[in-house]
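Here's the structure, in structure tokens; my notes come after.
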Amino acid sequence: GSGDGQGQILQRFPEKDWEDNPFPQGIELFCQPSGWQLFTERNPPTFFVAVLTDINSERHYCACFTFWEAVESAQPQSHPRNGEGEEEEEEPSTPVQPAQLFAPKSLVLVSRLDHAEVFRNSLGLIYTIYVDGLSVSLENVIGNLLTCTIPITGGAQ
């Protein structure tokens, strides 16, 4: 086809909305402002942070890390034998391997805090674990990234 498509959410954390911080609707449209398109070359990963403002005028910082993955090609196409686009009947058509296509995949972090460098590093770590196929549960990685112990002032470390 045209190479245009629609984004879809494959996985999210938390799986259910928090009462004070609902999941941004339409985030899959936001991740690819120019549309979900296939490319014939693998583009380098990109990162950007944008600010979404909700109905209560509260800011939500959306960090988006996008990389491109090879997509499985569909059926091989037939190669026409004559110049008019029709196949000759005497010889069977020769299958033509379609060009390798790459689809964008985005990792998104939504926060009320403005810490772009922390967002970039966190999403870069998740990307590295995913691409390298490390046998680490993404749920555990994300849990460790979001968990932080703050010692009590004057208390034991």
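Note: hydrogens, waters and symmetry copies are ignored here, and every other heavy atom, side chains too, is used. No experiment lies behind these values; they were computed from the predicted model shown.
The side-chain heavy atoms of L109 and I126, taken from C-beta on, include no pair separated by under 4.5 Å.
Open room surrounds CD on E15; 12 or fewer heavy atoms of other groups in view lie less than 6.0 Å from it. Summarising the local packing, CZ of R12 is surrounded by more than 12 heavy atoms from other residues, nucleotides or ligands at distances under 6.0 Å.
At a threshold of 4.5 Å between side-chain heavy atoms, the hydrophobic network of Ile, Leu, Val, Met, Phe, Trp and Tyr places V131 and F65 in one connected group. Transitive grouping of hydrophobic side chains (ILVMFWY, heavy atoms separated by less than 4.5 Å) keeps V71 and F39 in distinct clusters. Both F67 and L125 belong to a common hydrophobic cluster when Ile, Leu, Val, Met, Phe, Trp and Tyr are linked at side-chain heavy-atom distances under 4.5 angstrom.
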Taking distance alone, no hydrogens or angles, what donor-acceptor pairs closer than 3.5 Å link side-chain atoms of residues 47-55 to residues at least two apart or in another chain?
unit_1	atom_1	unit_2	atom_2	d
D54	OD1	N56	N	2.9
D54	OD1	S57	N	3.2
D54	OD1	E58	N	2.8
D54	OD2	H60	NE2	2.9

Sequence neighbours left out, cut at 3.5 Å: what donor-acceptor pairs do the side chains of residues 23-33 make with other protein atoms?
unit_1	atom_1	unit_2	atom_2	d
Q25	NE2	F23	O	3.4
Q32	NE2	T66	OG1	3.4

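Other residues sharing the hydrophobic cluster of L10, ordered by chain and number and joined by side-chain separations under 4.5 Å: none, the residue standing alone.
A distance of 10.0 Å separates CD1 of I129 from OG of S135, quoted to the nearest 0.5 Å.
Not counting sequence neighbours, the partners of D114 by the side-chain contact (heavy atoms from CB on, under 4.5 Å) test are Y61.
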Practice item. Quick one: do L123 and V108 satisfy side chain to side chain contact (heavy atoms under 4.5 Å, CB included)? Show the steps, please. Key: CA-CA 8 Å; L123 293 174; V108 181; over 6 Å; no

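Closest heavy-atom contact between W68 and P44: CZ3-O, 3.3 Å.
Evaluation of the side-chain hydrogen bond (donor to acceptor under 3.5 Å, both in side chains) test over residues 117-133, restricted to residues two or more places apart or in two chains, returns E69-Y130, K105-Y130. The ring-ring contact (aromatic ring centres under 6.0 Å, His included) analysis of residues 102-124, with sequence neighbours excluded, yields no pairs.
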